[in-house]
Amino acid sequence: LGAGALVWPYDQLPTPEAVDWAAVRDVPVILVTGTNGKSTTVRLIAAMARATGKVAGLSSSDWVRVGDDILDKGDYSGPGGARLAMRDPRVEIGVLELARGGILRRGLPLGRASAALVTNVASDHLGEYGIYDLDGIADTKLVVAKALLHGGRLIVNADDPRLAERAPERAADLSWFGMAPGGLIRDGAALEDGLIVLRRGGRSLPVLPAAEVRIAMGGAARHNVANALAAVAGADRLGLPIDAMAQALRSFGADEADNPGRGVLREIAGVKVLVDFAHNPHGIAAVGELVANIPAKRRLVLLGQAGDRTDAEIKALACAVWTMRPDRIVIKEMESYLRGREPGEIPALLRAELSGLGAAADTITVEDSETAAVRSSFGWAREGDLLVLLSHAARARTLAFLDQLEALEWRAGQTLPGS
């Protein structure tokens, strides 16, 4: 794998006797799965590898990257992304994101890994490929344990009861991470009096205060504290030093390109804007915790959902958004994600559920695209407001529009560019 592979042009293959077989080897690889937090966790681990001077091969839901070189963009959280990353001879450490769909359709991308990490389990994509409940999702995610080499370790979230119950059945060698683990964590990463620590054999080795994790926004984004703990536990199994972990956690997120569209918080002419990829009730609940800690005169939430979710899941999404107590709700049609639904069907479900929860009819707007929904949000905004833009397929266009507003020094209440 990676730097441990020998590569020749197809028409220049050597004879077996000419191959330096002693030079052929694997490199450390970690497989990362879970319902939420996968992409952020793999990117944090890759940043920790970079802090040591090592070249990480990273596959994720946005791109495949080797070192700082993006090989291709797109959803590569399946076997194709893993192969593209691990066949690059520059790679010294593999950090591979694995989504549920790829596992169920094609299995695991490789049969040998140094570690496997499961971030959490929550309701999403129920009814697909014979998975109808959270137990089925947990069992699917834990398939990654089958790729562990002798001495490889399974790392799971101690705060997730399904994972905590099932993990000991899947692997003898376990590490844990958690926000409130009590005495459960002997090996892994934990939070002790606001300090992220690495637990080894019951001893606590300090990494850094949770408040210094840049993407945790002073601790307000608790889901990113959990992602930081997962990354620390994973990096430890790859042999990365503690100082590199701390360095990466302090710096990761300084550039929006580190983790595009996930927890991006900007202020444009007095209007706060939070752009996030959250797309299921569990993820939106995490965003809601952050939103509650951001002062604002009024709050707007932009949301939508793909058509391959059940009616119950779509309604649950609306319920999760309503807990933020938004003053305005903008529902977007996700035309490229209809997946068998009729146009307007999902916005109608969301609107009906929100109305039933108490949202007044004149506080809900439906737009036929995310671009139109973002423009509608800014048309409503005034100084002191917070816009929560749950952005998915059009995330790049949304961020580009924010850039345009900043460049034009747009002020709340002014006509929007392109109007």
Side-chain angles (χ1 to χ4, degrees), residues 35-36 61 75 101 122-128 261-262 264 271 273-288 291 296 298-382 385-402 416 418-419:
T35 301
N36 292 309
S61 56
D75 187 349
S123 179
D124 201 8
H125 296 283
L126 293 180
E128 296 182 21
R262 288 167 170 82
V264 173
V271 178
V273 185
L274 177 65
V275 182
D276 198 270
F277 187 70
H279 58 282
N280 54 49
H282 183 270
I284 290 175
V287 171
V291 166
R298 302 182 301 171
R299 292 181 171 84
L300 174 149
V301 179
L302 183 158
L303 78 153
Q305 185 55 289
D308 55 354
R309 269 59 169 193
T310 64
D311 286 4
E313 287 178 304
I314 293 168
K315 292 176 181 179
L317 191 81
C319 292
V321 164
W322 186 243
T323 63
M324 297 187 210
R325 294 292 181 258
D327 300 281
R328 188 80 175 180
I329 300 165
V330 181
I331 301 172
K332 60 181 176 179
E333 178 75 272
M334 296 174 63
E335 195 172 72
S336 60
Y337 284 80
L338 289 176
R339 295 173 178 171
R341 298 269 188 173
E342 292 298 319
E345 184 179 351
I346 295 172
L349 280 169
L350 289 168
R351 182 168 204 157
E353 185 67 15
L354 288 162
S355 296
L357 292 167
D362 61 357
T363 66
I364 303 174
T365 300
V366 176
E367 300 289 350
D368 61 5
S369 69
E370 181 166 311
T371 299
V374 170
R375 292 180 64 86
S376 173
S377 301
F378 276 95
W380 174 85
R382 294 295 180 265
D385 290 345
L386 170 63
L387 309 182
V388 182
L389 308 181
L390 302 177
S391 182
H392 307 112
R395 190 168 67 246
R397 290 197 296 274
T398 296
L399 294 172
F401 184 67
L402 303 190
L416 292 165
S419 298

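Atom set for the values below is all heavy atoms of this structure, side chains included, hydrogens, waters and symmetry mates excluded. Numbers here simply count residues along the sequence, with the first being 1.
- Note that the CG atom of Leu274 and the CG atom of Leu302 stand 11.5 Å from one another [nearest 0.5 Å].
- Of the inter-residue distances, the one linking Phe401 atom CZ with Leu416 atom CG reads 5.0 Å to the nearest 0.5 angstrom.
- Between the CD atom in Glu345 and the CG atom in Asp311 there is a gap of 7.0 Å [rounded to 0.5 Å].
- The two atoms that bring Val330 and Ala373 nearest to each other are CG1-CB, 3.6 Å, heavy atoms only.
- When every heavy atom of Pro326 is checked against every heavy atom of Val301, the shortest pair comes out as CB-CG2, 3.9 Å.
- In this structure Ser61 satisfies the side chain to side chain donor-acceptor pair (under 3.5 Å) test together with Ser39, Arg262, sequence neighbours excluded.
- Put simply, CD1 on Ile331 and CD on Gln305 are 12.0 Å apart, with the number rounded to the nearest 0.5 Å.
- Of the inter-residue distances, the one linking Asp368 atom CG with Glu333 atom CD reads 8.0 Å to the nearest 0.5 angstrom.
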For residues 357-366, which side-chain donor-acceptor pairs fall under 3.5 Å, sequence neighbours excluded?
from, atom 1, to, atom 2, distance (Å)
Thr363, OG1, Ala360, O, 2.6
Thr365, OG1, Arg328, NH2, 2.8

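- Here CG of Leu350 is found 10.5 Å from OG of Ser355. Values are rounded to the nearest 0.5 Å.
- Considering every non-hydrogen atom in both Ser391 and Val275, the closest pair reads CB-CG1, 3.9 Å.
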### Task
Determine, step by step, whether Ile329 and Leu303 satisfy the side chain to side chain contact (heavy atoms under 4.5 Å, CB included) criterion, reporting the C-alpha distance in whole Å, the side-chain angles of both residues, the deciding distance to 0.1 Å, and the verdict.
CA-CA 8 Å; Ile329 300 165; Leu303 78 153; 3.5 Å; yes

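- Heavy-atom minimum distance, Ile314 versus Arg341: CD1-NH2, 3.6 Å.
- No side-chain heavy atom of Ile284 sits under 4.5 Å from any side-chain heavy atom of Trp322.
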### Query
Passes side chain to side chain contact (heavy atoms under 4.5 Å, CB included), Arg299 versus Val291? Steps please.
CA-CA 9 Å; Arg299 292 181 171 84; Val291 166; 3.5 Å; yes

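- The two atoms that bring Gly304 and Leu317 nearest to each other are O-CD2, 3.5 Å, heavy atoms only.
- Residue Glu370 forms a salt bridge (charged side-chain N to carboxylate O under 4.0 Å, His left out) with just one option from Arg375, Lys332, Arg397, and that option is Lys332.
- The shortest heavy-atom contact between Asp385 and Ala296 is C-CB, 4.3 Å.
- Residues Arg309 and Asn280 form no side-chain contact, since every pair of their non-hydrogen atoms from C-beta on lies 4.5 Å or further apart.
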